[in-house]
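Please read the structure below before turning to the comments.
Nothing fancy with the numbering, it's 1 onward along the sequence. Side chains included, hydrogens not; waters and symmetry mates left out as well; all remaining heavy atoms used.
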Amino acid sequence: MTELDVQTLQRRLAAFAAARDWEQYHTPKNLAAALSVEASELVEIFQWLTPEQSARVMERPETAHRVADEVADVLAYLLQFCEVLGIDALSALSEKIDRNESRFPVHEGQESTETGDRHSSE
């Protein structure tokens, strides 16, 4: 595979699950729970780090590998979740960004998010 795209990855994940007869377990509830668990495992890596240490986490090969693995797990379960529910992840994200741009307009003279307040992506 030379070019990565969401649909190709979703097909590979579906084929992987089908070959092991795991589709029966890939319900929205189970996939949402698995996604939460994997996200928690990512958080665990950063749990007791200072902000400065967390910013340098990818500098250490052993930690970088763990972070990349957990990111992959989170993305895998998210893509499977979207596939099961028929959600186009990229379209959903684009639409959410559009809504957030409307909800949180940039006002003249407002500080950037690098120095000012941060908003959640609710």
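Using a distance-only test at 3.5 Å, with no hydrogens or angles considered, no donor-acceptor pair links the side chain of Ser36 to the main chain of Ala32. Using modelled atom types, one side-chain atom of Gln53 and one backbone atom of Thr50 make a donor-acceptor pair closer than 3.5 Å.
Both cation-pi conditions hold for Arg20 and Phe16: the charged atom is under 6.0 angstrom from the six-membered ring centre and inside a 45 degree cone around its axis.
Taking CG of Leu31 as the reference point, atom OH of Tyr25 lies at 13.5 Å (rounded to 0.5 Å). We find the CZ-CD distance between Arg12 and Gln7 to be 14.5 Å, quoted to the nearest 0.5 Å. The distance from the CD atom of Gln80 to the CD atom of Glu23 is 10.5 Å, given to the nearest 0.5 Å. Between the CD atom in Glu95 and the CG atom in Asn100 there is a gap of 12.0 Å [rounded to 0.5 Å]. A distance of 11.0 Å separates CH2 in Trp22 from CG in Leu13, rounded to the nearest 0.5 Å. Note that CG of Leu78 is 9.0 Å distant from CD of Gln10, once rounded to the nearest 0.5 Å.
No more than 12 heavy atoms of other residues, nucleotides or ligands lie within 6.0 Å of CD in Glu108, so this atom counts as exposed by the packing criterion.
Phe46 meets the side-chain contact (heavy atoms from CB on, under 4.5 Å) test with Leu42, Leu49, Ser54, Val57, Val67; sequence neighbours excluded.
When hydrophobic clusters are built by joining Ile, Leu, Val, Met, Phe, Trp and Tyr residues whose side-chain heavy atoms come closer than 4.5 Å, directly or via intermediates, Met58 is grouped together with Val71. Note: the hydrophobic cluster containing Val74 also contains Tyr77 (ILVMFWY, side chain heavy atoms under 4.5 Å, direct or indirect links). By the criterion of side-chain heavy atoms lying less than 4.5 angstrom apart, applied directly or through intervening Ile, Leu, Val, Met, Phe, Trp or Tyr residues, Val43 is not grouped with Ile45; the two fall into different hydrophobic clusters.
Looking at heavy atoms from C-beta onward, Lys96 lies in side-chain contact with Arg99 at the 4.5 angstrom threshold. Side-chain atoms of Val84 and Thr27, non-hydrogen and from C-beta on, never get closer than 4.5 Å to each other.
Of all heavy-atom pairs spanning Arg56 and Glu52, the tightest one is NH1-O, 3.2 Å.
Applying the salt bridge (charged side-chain N to carboxylate O under 4.0 Å, His left out) rule to pairs touching residues 64-78 yields nothing, sequence neighbours excluded.
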